Peer 1: 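Questions regarding the structure given below will be posed in turn.
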There are 2 protein chains.
Amino acid sequence: MERKTEKGEMKNDTLLEKGMEILWSKGYNATSINDIVEAAGVPKGSFYFYFKSKEDFTVKAIEKYFGTMFPPALEVLQNKSVSPKQRILDFYEFRSQVLKDELNCKMGCMACNLASEMAEHNEEIRKAIEVKTQLVNTYITEAVEEAQEYGEIDTTLNAADLVAFLEDAGKGAMVTMKERNSAYPIDNFMSMVRKLI
Amino acid sequence: MERKTEKGEMKNDTLLEKGMEILWSKGYNATSINDIVEAAGVPKGSFYFYFKSKEDFTVKAIEKYFGTMFPPALEVLQNKSVSPKQRILDFYEFRSQVLKDELNCKMGCMACNLASEMAEHNEEIRKAIEVKTQLVNTYITEAVEEAQEYGEIDTTLNAADLVAFLEDAGKGAMVTMKERNSAYPIDNFMSMVRKLI
DNA sequence: ACCAAAAATATGACCGGTCGTCTAGTAAAC
DNA sequence: GTTTACTAGACGACCGGTCATATTTTTGGT
C-alpha cells in the first residue's frame, strides 16, 4: 500500500472513512460493497484494488475506528493535572457526551456492534476487535490502579476486574440505548459509575 | 392461525423453533429464509404461508424466545422460600449457568444480538424486543424492591435504575464473552453482582 | 359410511434483484 | 514505450418474496 499514488491514498482513506460510518451504522452483513463505494464516490471495481476483501476492509476499518475515536478519550484519561479517580470519571463522561451529543444516541460503539454480530462467525474480525479493546482496558486499568494507590478507589476490588465490568456495563448501556431509542441507559451508567467508584 | 391443521401447527412450531436457533446464532441479516426452511425441513413456499415476511417471523421468534427462555429463570426469581436478595443472586446465577453450560458461552442473548443489529433499522423488531425486556426488568425490579424493604439491599439506590444497570452489564458481558470467546466476562459479572448488592 | 365438490392448505418453480469477487481493458505515471 | 494503477461490467451465487398449481381437509348430500 506504500506504493500507491497520492490520489490512490486519498481514495483509500475516503473508502475507509465513509465505509466505516456505514459499517458502524448498519453492521457487517447489512453493509454491501456497493454501499461503501457509493458513499465514498469510488468506482466499485477499485474497491478490490485497495482491499483484498470485505473482511480485510472491515479489519482495517476497526483499526481506523480505534485510531480515530479513542485518542481524544485517552487524553482525558491521562490528564495528570487531575486526580486519578476524577480522570476516570471525566473519561467516562467524555465518552458519554460523544455518544449523546455527537452520535445523537445512535450507532453506539462500532466495535461492540461488530463483536456482537461477527465474533462467532469471523475470526479475523473477532481478533481485530479483541486486540483493541484489550488495549483500551489496559489503559483504564492503569488509571484505576493509580486511583487505588491514592486511596481514591476501594482496593479490595481487583482493578482489571472492575474495569472489565464497567466496560461491559458501558457496552450493554449502548445496546439498550439503541433498543430504547433513549439516552437513559447512558445517563444511568454514568450515575452508577459515580456511585460505584 | 387458529384455523390451521395439526400438521400445519407442527410445521409452524418447527419453523419457529429451528429458525429461532439460527437467528440467535447468526443474527438477522446473515440468516436467510432458505437457512430457516432447510433447518426446519419445510418447503420454502410454505414459509410464506405461515409468516408474512422475514420480519414477521423474527417478531414471532422474539416472542417465542422470551416465552421459552425466561419462565424458568422467573421461577427462580419468584421462589418465595428464599430471601429476596438471595432470589436475585440465584436468578443471575441461573442465567449464568445457562449461558455457560447449555450454550457453551456462545450465542449470548438473542434479544441483545438482534437489538444491537436491528434496533435502528427495523421498528417492529425494536419494539418487540423492548416490550419484552421492559417486562423482564419489571420483574427483577420488584424483587429488588422487596430486598430493599427487607433491608437486604441499599435503599439509596433506585431499584429500577439498579436493575437497568445490572441488566446492561449482563448484556455487555455477553458481548464480551463472544468477543473474548471466554466465560470470564460472565464470571466477572456474577462476582461483581455479589459485591454490589 | 361413502363420495364428490368446495374450501382450505401447502408448495415448487420462478421472479427481479443484490451480493462479493474477478479480470480484460483502460488510464495514469514514469 | 513500458510499467503500474485503476476500473467497468460480467460472473455465479444468493436473496426475499410471489403465485399458479398441487394437495389435503372439510362439507354436505345420499
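Values below: every heavy atom of this structure, side chains too, minus hydrogens, waters and symmetry copies. None of the values given here were measured: they were computed from a predicted structure. Reminder, nothing fancy here: chain letters follow the sequence lines and each chain counts from 1.
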Peer 1: In whole Å, I'd like the distance from the CD1 atom of B/I36 to the C1' atom of D/dG17.
Peer 2: 13 Å

Peer 1: Taking the basic N atoms (NZ, or NE/NH1/NH2) and the acidic carboxylate oxygens, is any pair closer than 4.0 Å for A/E21 and A/K18?
Peer 2: no

Peer 1: From CG of B/N29 over to P of C/dC19, roughly how many Å is that when rounded to an integer?
Peer 2: 11 Å

Peer 1: B/N158: what forms a side-chain hydrogen bond (donor to acceptor under 3.5 Å, both in side chains) with it, not counting sequence neighbours?
Peer 2: none

Peer 1: Without decimals, in angstroms, what is the distance between A/E6 CD and C/dA28 C1'?
Peer 2: 14 Å

Peer 1: Any side-chain hydrogen bond (donor to acceptor under 3.5 Å, both in side chains) pairs touching residues 70-79 of chain B, not counting sequence neighbours?
Peer 2: B/N79-B/S81

Peer 1: Which ring pair (Phe, Tyr, Trp, His ring centres under 6.0 Å) pairs, counting each pair once, include a residue from residues 18-40 of chain A, with sequence neighbours left out?
Peer 2: A/W24-A/Y65

Peer 1: Provide the full list of salt bridge (Lys or Arg N to Asp or Glu O under 4.0 Å) pairs with a residue in residues 105-116 of chain A, sequence neighbours left out, each pair given once.
Peer 2: none

Peer 1: Could you list all the side-chain hydrogen bond (donor to acceptor under 3.5 Å, both in side chains) pairs where at least one residue sits in residues 147-156 of chain B, not counting sequence neighbours?
Peer 2: B/S83-B/E152, B/D154-B/T156

Peer 1: Polar atom pairs between nucleotides 7-15 of chain D and protein, under 3.5 Å, N or O only, would you list them?
Peer 2:
{"unit_1": "D/dT7", "atom_1": "OP1", "unit_2": "A/K11", "atom_2": "NZ", "d": "2.7"}
{"unit_1": "D/dT7", "atom_1": "OP2", "unit_2": "A/S46", "atom_2": "OG", "d": "2.0"}
{"unit_1": "D/dT7", "atom_1": "O5'", "unit_2": "A/S46", "atom_2": "OG", "d": "3.1"}
{"unit_1": "D/dC15", "atom_1": "OP1", "unit_2": "B/S32", "atom_2": "OG", "d": "3.3"}

Peer 1: Using the closest heavy atom to pick a nucleotide of DNA chain D for each, name whichever of B/K7 or B/S53 lands nearer the 5' end.
Peer 2: B/S53

